[in-house]
Amino acid sequence: MEAGAVQDILVVQVSRIGDTLLATPVLRTLAQAFPKASLTCLAHPNRVEILQGLTFIHHLGRITKNLAPLRGWLPGRRYDLALVF
């Protein structure tokens, strides 16, 4: 997929704190590889604070194991790329 074709990227971050820290370079690299895309990150409520203030994340939200199945069924935003940690 060409960089210009990607408009919206979703990253779901539900791993532990250390893995969340180690994933931040991946998030930065995604933002650099797709500079015109909007990067949305949904993270475990206990990990959101780690990701706050990262300028390359455009939208940051919380997700839990109970809410995750609902997000897949509810109408809403569609993404060109998605990653789950």
Side-chain angles (χ1 to χ4, degrees):
M1 184 174 281
E2 292 187 29
V6 176
Q7 299 296 315
D8 294 300
I9 302 170
L10 172 65
V11 175
V12 179
Q13 180 62 274
V14 290
S15 58
R16 300 225 181 250
I17 191 167
D19 294 329
T20 300
L21 290 170
L22 292 172
T24 56
V26 174
L27 299 173
R28 184 183 317 112
T29 301
L30 278 171
Q32 290 171 344
F34 302 101
K36 294 182 180 179
S38 175
L39 178 59
T40 298
C41 188
L42 298 177
H44 185 279
N46 294 338
R47 316 288 184 265
V48 169
E49 191 173 324
I50 294 169
L51 302 173
Q52 287 177 336
L54 297 178
T55 58
F56 45 85
I57 296 177
H58 300 102
H59 307 282
L60 181 60
R62 301 173 195 284
I63 192 165
T64 65
K65 66 180 180 179
N66 295 330
L67 291 178
L70 294 176
R71 288 207 183 237
W73 289 100
L74 295 175
R77 198 167 180 177
R78 299 286 181 205
Y79 297 92
D80 301 310
L81 291 177
L83 283 89
V84 178
F85 288 96

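Quantities reported herein were computed from a predicted structural model and do not represent experimental measurements.
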Participant: If I take atom CZ from residue F34 and atom CG from residue D8, how far apart are they, to the nearest 0.5 angstrom?
Facilitator: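 Result: 12.0 Å between the selected atoms.
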Participant: Are V26 and L60 connected, step by step, through hydrophobic side chains (Ile, Leu, Val, Met, Phe, Trp, Tyr) whose heavy atoms are closer than 4.5 Å?
Facilitator: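 They do share one cluster, since a chain of ILVMFWY contacts under 4.5 Å joins V26 to L60.
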Participant: Quick check for you: to the nearest 0.5 Å, what is the distance between R78 atom CZ and L10 atom CG?
Facilitator: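 Answer for the CZ-CG pair, R78 versus L10, is 11.5 Å.
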Participant: Any pair with a residue in residues 11-34 that passes salt bridge (Lys or Arg N to Asp or Glu O under 4.0 Å), sequence neighbours left out, goes on the list, sorted by first then second residue, please.
Facilitator: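 Listed once each, the pairs would be none.
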Participant: Please test V11 against F85 for side chain to side chain contact (heavy atoms under 4.5 Å, CB included), starting from the C-alpha separation and ending with a verdict.
Facilitator: CA-CA 8 Å; V11 175; F85 288 96; 3.7 Å; yes
Participant: Can you get from F56 to I9 by hopping between Ile, Leu, Val, Met, Phe, Trp and Tyr side chains that sit under 4.5 Å apart?
Facilitator: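 Yes: a chain of side-chain contacts under 4.5 Å links F56 to I9.
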Participant: State the NE2-OG1 distance between H44 and T64, to the nearest 0.5 angstrom.
Facilitator: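 The NE2 atom of H44 sits 7.5 Å away from the OG1 atom of T64.
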Participant: Rounded to the nearest 0.5 Å, what's the gap from CD1 on I57 to CG on L51? Could you check?
Facilitator: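 Interatomic distance, I57 CD1 to L51 CG, rounded to 0.5 Å: 4.5 Å.
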Participant: Does T40 offer a backbone N or O that forms a donor-acceptor pair with the side chain of H58 under 3.5 Å?
Facilitator: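 No: the side chain of H58 does not pair with the backbone of T40.
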Participant: Can you measure from CD1 (I50) to CD (Q13) and round to the nearest 0.5 angstrom?
Facilitator: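 Nearest 0.5 Å value for the CD1-CD distance: 8.5 Å.
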Participant: Is it the case that atom CD1 in I17 sees more than 12 heavy atoms from other parts of the structure closer than 6.0 Å?
Facilitator: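 No, the 6.0 Å shell around CD1 holds no more than 12 heavy atoms from other groups.
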Participant: Is there a donor-acceptor pair closer than 3.5 Å between any side-chain N or O of R47 and the backbone N or O of S15?
Facilitator: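 Side chain of R47 to backbone of S15, a donor-acceptor pair under 3.5 Å: yes, one is there.
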Participant: So, using side-chain hydrogen bond (donor to acceptor under 3.5 Å, both in side chains) as the criterion, who are the partners of H59 when residues are at least two apart?
Facilitator: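 With neighbours one apart ignored, the set is S38.
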